[in-house]
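Reviewing the structure listed below.
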There are 2 protein chains.
Amino acid sequence: MAAPDTVVNVAEKLESFEELFAPRIVAEFNGYQLKVVRAKGDLDWHHHDETDELFLVVAGTLRIELADRAPVLLGEGELFVVPRGLEHRPVATEECHVLLVEPAGTPNTGDVATAATEEWV
Amino acid sequence: MAAPDTVVNVAEKLESFEELFAPRIVAEFNGYQLKVVRAKGDLDWHHHDETDELFLVVAGTLRIELADRAPVLLGEGELFVVPRGLEHRPVATEECHVLLVEPAGTPNTGDVATAATEEWV
């Protein structure tokens with residue numbers, strides 16, 4: 001686990017693992033966690049009942065498909081908040097790197113049974 | 001005010017105003033706000049009793065001086081969480097651009113009487 005009072009270099013954290021769609025925790029504040037994720041391909045459609053979810057793309061391009069509305073396309077340095085309850089599906093044609101902010105314990109698939117195990121890096 | 005369900009380009013938001021140490025709100029989730037700030041010079045020493053404060057540098061270099069411990073130096077793509085209650089002072093020798101995450105309504109100086117007015121961009 002990263003000490004909570006250290007400087008976190010986001011790119012270095014992303015280089016420290018290879019798994020896709022397996023968020024790693026890099027910082028915590030007020031019970032929220034900052035996670036980095038390497039994405040390529042697509043995750044299943046899902047939603048989070050209890051929380052909005054913030055996506056900030058740090059490298060590459062991420063498309064987020066959304067129920068009943070047009071998908072959003074996020075390039076480097078762009079962010080989007082998926083409102084709680086809204087079905088969504090992240091899709092990355094090429095590998096992209098994303099920073100997520102959400103409450104500690106939020107499962108990445110919206111379902112603890114299918115969620116990736118999340119560890120600190 | 002930015003619509004909550006739009007894509008936010010962080011660099012464009014930072015180009016849309018010029019004031020220093022005057023955070024602008026760019027997104028909101030779960031009652032938290034993402035703010036961008038252009039920093040040059042130094043803010044007064046202050047603390048936030050009720051909240052940790054997340055700093056992510058998106059351009060330039062920010063030094064955060066901390067009570068009773070060594071300062072941290074944040075380059076582009078680096079982040080740090082200032083724990084609640086800890087006196088701190090952000091210092092930027094050259095202009096730098098920072099993303100902040102904190103609960104809606106957090107005054108930037110730790111004191112509503114001296115805080116910058118915060119607006120959406």
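Chain identifiers are assigned alphabetically (A, B, ...) following the order of the sequence lines, protein sequences preceding nucleic acid strands; residue numbering begins at 1 within each chain. All figures in this text were calculated on a predicted structure; none of them were measured in a lab.
Listed options L54(B), L86(B), V72(B), V82(B) were ranked by heavy-atom pairs under 4.5 angstrom with chain A; first place goes to L54(B). Most heavy-atom pairs under 4.5 Å with chain A: of the set L99(B), D52(B), L56(B), N30(B), this distinction falls to N30(B).
The 12-atom threshold is not exceeded at CG of D44(A), counting heavy atoms of other residues, nucleotides or ligands nearer than 6.0 Å. Crowding of E95(B) atom CD: a count of heavy atoms from other residues, nucleotides or ligands under 6.0 Å exceeding 12. The environment of E87(A) atom CD is dense: over 12 non-hydrogen atoms of other residues, nucleotides or ligands sit within 6.0 angstrom. For D111(B), the CG atom sits in a packed shell: over 12 heavy atoms of surrounding residues, nucleotides or ligands are nearer than 6.0 Å.
Linking ILVMFWY side-chain heavy atoms closer than 4.5 Å, directly or via other members, places V121(A) and L20(A) in two distinct hydrophobic clusters.
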inquiry  = Determine whether V7(B) and L74(A) satisfy the following criterion, side chain to side chain contact (heavy atoms under 4.5 Å, CB included), listing intermediate values before the conclusion.
reply    = CA-CA 7 Å; V7(B) 172; L74(A) 301 179; 3.5 Å; yes

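Side-chain contact between L34(B) and V101(A): absent, with no pair of heavy atoms (C-beta onward) separated by less than 4.5 Å.
When each of L79(B), T51(B), V81(B) is paired with F29(A), the side-chain contact (heavy atoms from CB on, under 4.5 Å) condition holds for V81(B) and for no other.
Of the two parts of F55(B), neither the backbone nor the side chain holds a non-hydrogen atom closer than 4.5 Å to a non-hydrogen atom of chain A.
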